[in-house]
Amino acid sequence: MSGNLAQNTYVSAEEYLAGEALADEKHEYVNGMIYALHEPRNMAGAGDAHVKVSLNTAALLKTHLRGSGCSTYMSDMRVKVDAKDKAWFYPDVMVSCSDDDRQHDTMKYQPVLVIEVLSPGTRDYDRGDKFAIYRQLTSLREYVLIDPEQYYIELFRLNKHRRWELFIFEGADAVVEFKSVGFSCSMADVYDEVLA
């Protein structure tokens with residue numbers, strides 16, 4: 001899953017939240033199992049490219065959304081999925097336009113846009129099981145996967161028929177569009193100071 005398993009026995013949601021409030025590092029939670037957020041070989045945190053791509057994307061969105069009623073969050077803010085699966089994740093970047101979410105200080109429930117920056121150990125999980133859980137969020141309109149090592153972004157967009165469509169943006173000259181928040185930018189802006 002996302003990083004390494006921090007324990008292999010069932011933990012209640014209440015126990016997870018209590019432990020997370022005291023933890024030195026972040027953990028994600030899926031149906032009673034807790035997962036360390038970082039890969040074992042990189043426990044100190046994400047790499048340079050991962051951090052810069054996340055920061056660039058969040059900064060671009062924050063500037064675009066100023067005054068709109070929507071807020072941009074980075075990886076220290078949790079999102080809760082409470083449908084068929086009960087899960088808490090820390091997306092690299094997310095946007096919520098919900099009045100209700102503004103009332104919650106430590107987690108959000110209704111993001112319209114979730115962005116994950118891929119790493120070698122999580123890319124398959126982010127594309128598969130994690131996306132399946134995120135799709136249970138009725139508010140979610142777009143799910144984005146950014147490869148920090150090349151000009152390549154996968155965007156899954158919910159269409160009017162309630163089906164997820166895949167859009168690929170690749171190459172330095174591509175224009176990236178997040179329709180859920182009326183935003184577009186150049187691929188070069190997303191990868192500023194990352195790729196030449």
Side-chain angles (χ1 to χ4, degrees), residues 2 28 50-85 87-119 122-123 125-148 151-192 194:
S2 181
E28 295 186 333
H50 187 287
V51 171
K52 284 180 177 172
V53 166
S54 299
L55 181 59
N56 291 343
T57 306
L60 291 162
L61 285 166
K62 180 172 176 45
T63 299
H64 169 73
L65 294 170
R66 185 170 284 124
S68 70
C70 297
S71 297
T72 305
Y73 301 94
M74 290 192 64
S75 59
D76 283 334
M77 180 60 70
R78 273 182 299 207
V79 63
K80 181 181 182 189
V81 181
D82 197 9
K84 180 183 70 143
D85 293 293
W88 280 269
F89 296 125
Y90 289 91
D92 290 307
V93 181
M94 72 172 156
V95 173
S96 173
C97 301
S98 163
D99 290 335
D100 288 341
D101 271 353
R102 280 191 277 285
Q103 308 306 314
H104 299 282
D105 190 46
T106 61
M107 70 184 77
K108 305 304 172 188
Y109 299 81
Q110 300 175 36
V112 294
L113 172 64
V114 168
I115 299 170
E116 296 285 4
V117 178
L118 299 174
S119 63
T122 65
R123 66 179 62 241
Y125 175 60
D126 288 342
R127 283 190 180 105
D129 292 344
K130 194 174 208 180
F131 181 35
I133 295 170
Y134 273 133
R135 287 197 304 265
Q136 296 174 49
L137 293 166
T138 58
S139 61
L140 190 64
R141 296 296 173 263
E142 290 179 315
Y143 180 64
V144 179
L145 301 171
I146 301 177
D147 187 330
Y151 292 109
Y152 187 81
I153 296 175
E154 297 175 9
L155 180 145
F156 295 89
R157 182 177 295 143
L158 189 63
N159 68 23
K160 64 181 180 180
H161 304 292
R162 305 289 306 160
R163 294 189 185 107
W164 289 93
E165 295 180 295
L166 172 62
F167 297 85
I168 304 289
F169 305 99
E170 58 186 322
D173 297 328
V175 174
V176 181
E177 183 179 25
F178 303 153
K179 285 191 172 180
S180 60
V181 292
F183 172 77
S184 63
C185 71
S186 71
M187 188 78 91
D189 288 338
V190 173
Y191 289 89
D192 184 41
V194 177

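Both backbone and side-chain heavy atoms feed into the values below; hydrogens, waters and symmetry mates do not.
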Rounded distance [0.5 Å steps], OH in Y73 versus NZ in K62: 9.5 Å
Min side-chain heavy-atom separation I146-Y191 under 4.5 Å: yes
Distance-minimising heavy-atom pair for I153 and M187: CD1-SD, 3.5 Å
Side-chain heavy atoms of D189 within contact of N56, under 4.5 Å: no
Flag side-chain contact, heavy atom, 4.5 Å: F89 against I133: yes
Euclidean distance, K80 NZ relative to L137 CG, rounded to 0.5 Å: 11.5 Å
Euclidean distance, K130 NZ relative to E116 CD, rounded to 0.5 Å: 3.5 Å
Non-hydrogen atoms of S139 and Y109 that approach each other most closely: OG-O, 4.3 Å
More than 12 heavy atoms of other groups within 6.0 Å of D173 CG: no
Chi angles and distances behind the side chain to side chain contact (heavy atoms under 4.5 Å, CB included) call for L113, L61: CA-CA 11 Å; L113 172 64; L61 285 166; 4.0 Å; yes
Test side chain to side chain contact (heavy atoms under 4.5 Å, CB included) applied to I115 and F178, step by step: CA-CA 11 Å; I115 299 170; F178 303 153; 3.9 Å; yes
Spacing of OG1 belonging to T57 relative to CZ belonging to F183, to within rounding of 0.5 Å: 8.0 Å
Distance-minimising heavy-atom pair for V175 and S184: CG1-CB, 4.2 Å
Verdict with supporting geometry, D147 and L145, side chain to side chain contact (heavy atoms under 4.5 Å, CB included): CA-CA 7 Å; D147 187 330; L145 301 171; over 6 Å; no
Straight-line distance of E165 CD to K160 NZ, nearest 0.5 Å: 10.0 Å
Heavy-atom closest pair, residues E142 and E177: OE2-O, 4.1 Å
Which atom of Q110 lies closest to which atom of D101, heavy atoms considered: N-OD2, 2.9 Å
Any side-chain heavy-atom pair of L140 and L158 under 4.5 Å: no
Separation between OH of Y90 and CE of M107, rounded to the nearest 0.5 Å: 8.0 Å
Reference residue F156; test ring-ring contact (aromatic ring centres under 6.0 Å, His included); the match among F131, F167, Y134: F131
Geometric cation-pi criterion R135 and Y143, 6.0 Å radius, 45° cone: no
Criterion side chain to side chain contact (heavy atoms under 4.5 Å, CB included) on C97 and V95, from CA distance to verdict: CA-CA 7 Å; C97 301; V95 173; 4.2 Å; yes
Donor-acceptor contact present, side-chain T122 to main-chain L118, <3.5 Å: no
L166 versus E154, closest heavy-atom pair with distance: CD1-CB, 3.9 Å
Close side-chain approach of L55 to M74, heavy-atom, < 4.5 Å: yes
Side-chain donor/acceptor of H64 to backbone N/O of C185, under 3.5 Å: no
